[in-house]
Amino acid sequence: MSTLQKSKRWWIWPTLAMVGMFLFINGCALFEDERTTKGKKLYRHYCMHCHGESGRQGEGFNWDSLSNMEFPPPKDLSESSMGDSISDEDIFNAISRDMKDTSDPIVVDDIDYFGVATMPTFKYTLSEMEIWTLVRYVRSLHGGSFTFDVEGKRQQLESDLTAAKDTLDSATQVLEAAESKRDEEIEAAEAAAEAAGDDDFEAEEIDLPEEEIATQAAIKHVQAKKSFDRFAKRPKLTIARPDLAVTEEEHAVLAERGKHLYINKYGCNSCHSLDGQGGLVGPALDRAGFRLNATWIYKWLMYPAGIKKHTRMPNLGFNDQDARDVTAYLKTLRGPKPEPAQIVPE
Ligand code: HEC
Ligand code: HEC
């Protein structure tokens, strides 16, 4: 190769290096983008009506109804001081928790409880991975850094599951070996008894210690599978058709409790209005008692996504009794038909 040719090609290596650099940086940006896009999508679907597009107070269309309530309105999620005052875990726990009766003194005194009924939980609606994606997005709103190792957590749960499966498999093998050994011993004892002319012989029932070990391993495996699924998948439920028949007096008691739960535990009023008061995220419920069938309401409360897959109404983690109570309450809502708009002649 002549010196001339060599000098003509001097640019190849720097160019390749630059192209490589370009691809690397863009690759990272694309990857980063995908995660942010997912968080943004979830945020816009489930959070923006109350917290605003950029997390600022007063921005969401449901803000005014929230600030009229006795609970504090949301803090400004775009405020940079949020970065220090709240940890990734705090944000996670604000989004994922159990709804509790906020008028109960035990709940009021529980300093570890994020006790606001007007912030619905998403624990029963989204996967933990999705909730972490939201935490990352909330962090980006106030320019805070997100440090929770989501992928590390996923790998940990996955390897716990694999380990639990291996333990179960070997415990099952050991149990099977012990069982066949026991069966052989029983057969031998029976044969010996028969040979000795003992017709009444009955082998003794023996509890194998291996059985208990295998049962424990099976329980651990189920738990590990649950934890992994909880992390990776949205919770799914099957709701059986309830028998809601009660006497009129019983119905009144349930409805009274339901009314209390509606406001103080589940904060339904943060998204729904009654008599013009309350949130605007879901439809007004003044006439729910006429419009909706009790069984339908019960099933809707227990698992909204089972009826409408992408509904904005989260599953609030109802138990059977609470769902009966709130259903009874909604059945009492039989407000008058809204006045038709008046047409004023000119
Ligand atoms: C129906 C209205 C509503 C919706 C929907 C809602 N929030 Fe909230 N959120 C609130 C209220 C009210 C508070 C205030 C609680 C407080 O400060 O005590 C709050 C508090 C928070 C906080 C803690 C900061 C604070 O104000 O104390 C975070 C973080 C948060 N919400 C994130 C989310 C995310 C993420 C979503 C969507 C998955 C969401 N919220 C959906 C009403 C809502
Ligand atoms: C985060 C906001 C939010 C909260 C909290 C919420 N809902 Fe809803 N709800 C909705 C939305 C949005 C719809 C509309 C459903 C759809 O079309 O996706 C809805 C629909 C409904 C419906 C059906 C209404 C109709 O006319 O078809 C009922 C009933 C209902 N909600 C009751 C409740 C009750 C009771 C609570 C409290 C336990 C509650 N909701 C809490 C947002 C919410």
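Note that ligands are numbered from 1 as they come in the structure, with each ligand's atoms numbered from 1 the same way.
- With distances taken over non-hydrogen atoms, the option nearest atom 5 (C) of ligand 1 out of Tyr43, Tyr46, Phe92, Trp63 is Tyr46.
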Stepwise, does the side chain to side chain contact (heavy atoms under 4.5 Å, CB included) test hold for Tyr298 with Ile239?
CA-CA 9 Å; Tyr298 176 95; Ile239 308 300; 3.9 Å; yes
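- Taking every heavy atom of Leu134 and a limit of under 4.0 angstrom, the matching atoms of ligand 1 come to 38 (C).
- Ligand 1 places these atoms under 4.0 Å from at least one heavy atom of Cys50: 1 (C), 2 (C), 3 (C), 4 (C), 5 (C), 43 (C).
- For the pair Leu66/Phe71, no side-chain contact is recorded, criterion being any heavy-atom separation below 4.5 Å from C-beta on.
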Ring pair (Phe, Tyr, Trp, His ring centres under 6.0 Å) between Phe318 and Tyr266: does it pass, once the steps are laid out?
CA-CA 9 Å; Phe318 268 89; Tyr266 296 105; 4.0 Å; yes
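- Counting heavy atoms from C-beta on, the side chains of Leu141 and Tyr137 come closer than 4.5 Å.
- Side chain of Ser96 to main chain of Phe122: no donor-acceptor pair is present (N/O by atom type, distance under 3.5 Å, no hydrogens or angles).
- Here Lys75 does not pair with Glu79 in a salt bridge; the nearest charged N to carboxylate O distance is not below 4.0 Å.
- By the criterion of a separation under 2.8 Å, the protein N/O/S atoms near atom 8 (Fe) of ligand 2 amount to His272 NE2, Met313 SD.
- Among Pro74, Ser270, Ser65, the residue whose heavy atom lies nearest to atom 13 (C) of ligand 1 is Pro74.
- Of all non-hydrogen atoms in Ala224 and Asp160, the two that sit nearest each other are CB-O, 4.3 Å.
- In this structure the side chain of His272 reaches within 4.5 angstrom of the side chain of Tyr262, judged on heavy atoms.
- In terms of protein heavy-atom proximity, atom 17 (O) of ligand 2 is closest to Lys308 NZ, 2.7 Å.
- Side-chain atoms of His251 and Lys331, non-hydrogen and from C-beta on, do get closer than 4.5 Å to each other.
- Residue contacts with ligand 2: Val326 is included, with a non-hydrogen atom under 4.0 Å away.
- Among protein heavy atoms, atom 37 (C) of ligand 1 sits closest to Cys47 SG, 1.8 Å.
- Summary of contacts: the protein heavy atom closest to atom 15 (C) of ligand 2 is Thr311 OG1, 3.5 Å.
- Residue-to-ligand polar distances place His51 within reach of ligand 1: an N/O pair is separated by less than 3.5 Å.
- Close contacts of ligand 1 with Ile91, meaning ligand atoms under 4.0 Å from a residue heavy atom, involve 29 (C).
- Taking atom 18 (O) of ligand 1 as the reference point, the nearest protein heavy-atom neighbour is Val116 CG2, 3.0 Å.
- Heavy atoms of Gly279 stay at 4.0 angstrom or farther from ligand 1.
- Within the 4.0 Å heavy-atom criterion, the part of Ile95 lying near ligand 1 is the side chain and not the backbone.
- The residue from Thr118, Val135, Leu280, Asp76 that puts a heavy atom closest to atom 12 (C) of ligand 1 is Thr118.
- When hydrogens are left out, the protein atom nearest atom 10 (C) of ligand 1 is Met119 CB, 3.4 Å; that is the closest non-hydrogen contact.
- The shortest N or O to N or O distance between Tyr266 and ligand 2 is not under 3.5 Å.
- Only the side chain of Leu292 comes within contact range of ligand 2, with a heavy atom under 4.0 Å; no backbone atom does.
- For the ligand labelled ligand 2, residue Phe318 lies inside the 4.0 Å heavy-atom shell.
- Scanning the protein heavy atoms around atom 26 (O) of ligand 1, the nearest turns out to be Lys75 N, 2.7 Å.
- Below 3.5 Å of separation, one finds no N or O of His49 facing any N or O of ligand 1.
- The shortest separation from a heavy atom of Phe71 to ligand 1 is not under 4.0 Å, leaving the residue out of contact.
- With salt bridges taken as basic N to acidic carboxylate O contacts below 4.0 Å, one links Asp320 and Arg324.
- A cation-pi arrangement, defined by a distance under 6.0 Å to the six-membered ring centre and an angle within 45 degrees of its axis, is absent between Arg139 and Phe146.
- Within the 4.0 Å heavy-atom criterion, the part of Leu330 lying near ligand 2 is the side chain and not the backbone.
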